[in-house]
Amino acid sequence: MADDDVERERTTIVETGGGGGGGVLAVVLLIIVVLVLLFLFRGQLGLGKSTTVNVPDKIDVNVNQH
């Protein structure tokens with residue numbers, strides 16, 4: 001015997017996966033680590049240009065009094 005005419009209540013469960021923030025956090029941390037490493041090793045990589053400042057040993061100052 002078939003119960004085709006009987007009305008049944010149906011529940012659909014949708015799993016959204018949740019916890020997607022973990023992947024975003026991992027990417028942000030990876031970018032921060034790469035930037036810190038680039039900053040620390042910029043000299044070896046040739047990214048930092050060293051500037052040489054020549055400071056004279058003596059400065060002559062002439063004050064003219066009238």
Side-chain angles (χ1 to χ4, degrees):
M1 208 148 95
D3 291 333
D4 291 336
D5 295 335
V6 177
E7 187 175 331
R8 294 194 176 120
E9 186 176 327
R10 310 226 173 198
T11 304
T12 304
I13 299 174
V14 178
E15 293 186 14
T16 58
V24 174
L25 182 63
V27 171
V28 171
L29 285 176
L30 181 65
I31 291 173
I32 291 173
V33 167
V34 169
L35 289 176
V36 168
L37 288 176
L38 282 174
F39 179 76
L40 291 177
F41 296 106
R42 67 189 183 278
Q44 287 86 344
L45 297 173
L47 298 176
K49 295 186 177 181
S50 62
T51 53
T52 303
V53 177
N54 293 325
V55 178
D57 294 334
K58 180 179 169 185
I59 299 175
D60 292 327
V61 177
N62 292 325
V63 179
N64 295 325
Q65 295 181 353
H66 295 289

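We're numbering straight along the sequence, starting at 1.
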Exercise for the section: With sequence neighbours left out, write down each residue that passes side-chain contact (heavy atoms from CB on, under 4.5 Å) with Val61, or none if nothing qualifies. Expected result: Ile59, Val63
Fill in the blank from the handout: CG (Leu38) and CG (Leu40) are apart, to the nearest 0.5 Å, by 9.0 Å
Handout entry: Results of side-chain contact (heavy atoms from CB on, under 4.5 Å) for Leu35 - residues two or more places apart only
Key = Ile31
Fill in the blank from the handout: Taken in chain and number order and not counting sequence neighbours, the residues that satisfy side-chain contact (heavy atoms from CB on, under 4.5 Å) with Val55 are Val53
Handout entry: Cluster overlap Leu37 with Val27, hydrophobic side-chain contacts below 4.5 Å
Key = no
